[in-house]
Asker: 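Mind looking over this structure? Questions follow.
In each ligand, atom 1 is the first atom listed, and ligand 1 is the first ligand listed. Note that the numbering runs from 1 along the sequence shown for the chain.
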Amino acid sequence: MFAIISDIHSNLEALTVVLADIERRGIKTIYCLGDIIGYGPDPKDCLDLVIEKTQACVIGNHDYAILYEPTNFNPDAERASFWTRTQIEVEQNSAKRHSRWNYLGSQQMRWTLQMKLDGTEAVLDFVHASPRRPINEYVFPEDVYTTPAKITALFDRVKHICFIGHTHLPGVFLDDPDFYAPDELDYVYPIVSEERAIINVGSVGQPRDKDNRASYVYIEKNNVHFVRLEYDFKTTQKKIYAIEELDNFEADRLSEGR
Ligand SMILES: [Fe+2]
């Protein structure tokens with residue numbers, strides 16, 4: 001069994017609840033799809049927890065923004081990004097500071113695992129955004145209707161299963177092309193050898209599918225289970241409201257999951 005988390009966005013309350021749920025299930029292996037930081041109020045604590053608890057991570061556009069520069073960010077996201085960078089830079093404990101920078105700077109854009117899942121030979125790719133542009137390309141559910149050729153082009157780069165985050169919208173893309181939200185699948189997608197899929201694990205710290213509960217997935221045998229968990233988002237909101245550089249909208253959206 002292993003779990004995949006993504007898009008934590010400096011939301012410590014959500015991350016803590018997700019990690020506790022993963023531990024309760026006896027899952028020892030956690031992979032992360034990036035955007036550990038950005039938007040939220042607790043970048044350092046979230047980074048430390050991801051460093052401690054996860055076995056591998058790929059870089060997201062918000063992690064990239066801290067290390068290098070924000071790319072295609074709106075003014076609020078950019079301001080949050082510069083604030084986040086400052087938090088990591090002004091850390092007095094130099095060992096912690098180096099460990100966080102080194103961790104961010106050592107992330108790959110993509111990596112692949114080959115494993116047997118309950119007898120099914122599976123090839124699993126892990127990226128933040130899309131199999132074509134691992135850091136920055138958005139893959140939206142409506143793309144299957146509005147730009148089906150885009151989804152087909154993405155599947156040209158998928159050998160079998162590709163796990164993504166980035167849009168904060170959980171669900172499964174098939175190469176028809178088609179998209180299934182988790183509730184349309186009864187929250188379980190079985191990985192089989194004859195079917196390719198792009199699977200969005202949703203967002204731990206800033207869900208945007210009108211459900212404000214934290215999202216992650218775990219894989220048991222060949223099944224991908226989509227999980228939603230309530231967390232104390234009001235505490236996260238209070239922290240965001242108290243930090244001038246973080247826009248109030250980043251707090252407001254946590255109530256509704258948008
Ligand atoms: Fe994100």
Asker: Does either side chain, that of Asn136 or that of Tyr64, offer a donor lying less than 3.5 Å from an acceptor on the other one?
Answerer: no
Asker: Is Lys159 paired with Asp125 through a side-chain N to carboxylate O contact shorter than 4.0 Å?
Answerer: yes
Asker: Would you please classify the geometry between the Tyr31 ring and the Trp111 ring as parallel, tilted or perpendicular, with 30° and 60° separating the classes?
Answerer: perpendicular
Asker: Would you please name every residue forming a side chain to side chain contact (heavy atoms under 4.5 Å, CB included) with Tyr138, sequence neighbours left out?
Answerer: Asn61, Phe140, His166, Thr167
Asker: Number of protein N/O/S atoms less than 2.8 Å from the Fe ion (ligand 1)?
Answerer: 4
Asker: For residues 176-183, which side-chain donor-acceptor pairs fall under 3.5 Å, sequence neighbours excluded?
Answerer:
residue, atom, partner, partner atom, Å
Asp178, OD2, Tyr180, OH, 3.3

Asker: Holding to side chain to side chain contact (heavy atoms under 4.5 Å, CB included), I want the full list of residues that pass it with Arg25, two or more places apart in sequence or in another chain.
Answerer: Asp21, Ile27, Tyr216, Tyr218, Val227
